[in-house]
Amino acid sequence: MNASSLIAKKERSALLQNQRGLAWLLAYAGILSAFALLLISNQELSLLDNAQVVYMMAGTVTAAGALIAVIMGSDAYAGERERGTLVPLLTAPISTNELLMGKAIGLAGAWGIMYLLALPYLWAVGAGGRTWDRPSFTWACSAHP
């Protein structure tokens with residue numbers, strides 16, 4: 001493994017094991033929940049085509065994911081400074097490009113996790129809130145012998 005992949009792995013694991021990372025994922029889920037509830041329950045928005053509503057939700061997923069990824073990126077460097085590991089990291093025998101590439105790949109992995117978290121919201125909005133009475137959903141949730 002090269003240095004950038006090790007740094008990327010550390011950044012991705014920090015998202016799932018760090019309290020800050022989990023707090024950001026919880027905030028992201030809260031934003032998606034509020035927006036999905038708005039899109040499903042609002043009478044004025046129910047006049048829109050279903051594809052337009054999914055497109056709006058996908059735009060929100062992308063924008064909120066990008067915003068949180070930028071915040072987490074700045075937090076990654078600030079966290080290195082807080083822990084006192086920034087100076088040893090910069091004096092390590094790796095190039096600055098490898099360090100930046102590892103941090104960027106780690107944040108891209110975090111953004112991928114946020115997209116995976118958004119899939120149920122996109123599905124619910126795409127179904128227009130009528131997912132519970134669909135035969136395929138009922139069949140998937142029922143216990144099969």
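Counting from 1, the numbers follow the sequence of the chain as shown. Just so you know, these numbers use all the heavy atoms, side chains as well, and skip hydrogens, waters and symmetry mates.
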Between Thr62 and Trp111, is a side chain to side chain contact (heavy atoms under 4.5 Å, CB included) present by the stated rule, with each step listed?
CA-CA 9 Å; Thr62 303; Trp111 203 358; 4.3 Å; yes
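By the criterion of side-chain heavy atoms lying less than 4.5 angstrom apart, applied directly or through intervening Ile, Leu, Val, Met, Phe, Trp or Tyr residues, Met114 is grouped together with Tyr121 in one hydrophobic cluster. Cluster annotation: Leu122 is connected to Leu67 through the hydrophobic network of ILVMFWY side chains, with a link wherever side-chain heavy atoms come within less than 4.5 Å. Both Val61 and Ile71 belong to a single network of hydrophobic side chains, linked directly or stepwise wherever heavy atoms of I, L, V, M, F, W or Y lie under 4.5 Å apart. Transitive grouping of hydrophobic side chains (ILVMFWY, heavy atoms separated by less than 4.5 Å) brings Met72 and Tyr28 into a common cluster.
Under a cut-off of 6.0 angstrom, the local environment of OH in Tyr55 is sparse, with at most 12 non-hydrogen atoms contributed by other residues, nucleotides or ligands.
Closest approach of Leu117 and Ala29 over heavy atoms only: CD2-CB, 4.2 Å. The two residues Met56 and Phe35 have their closest heavy-atom pair at O-CE2, 3.9 Å.
Taking CD1 of Ile68 as the start and CG of Leu25 as the end, the distance is 8.0 Å to the nearest 0.5 Å. Ile7 contributes atom CD1, which lies 4.5 Å from atom CG of Leu99 (distance to the nearest 0.5 angstrom). Of the inter-residue distances, the one linking Leu26 atom CG with Ile31 atom CD1 reads 10.0 Å to the nearest 0.5 angstrom.
Every pair passing salt bridge (charged side-chain N to carboxylate O under 4.0 Å, His left out) that includes a residue from residues 98-119 is listed here, sequence neighbours excluded: Glu11-Lys103, Glu80-Lys103.
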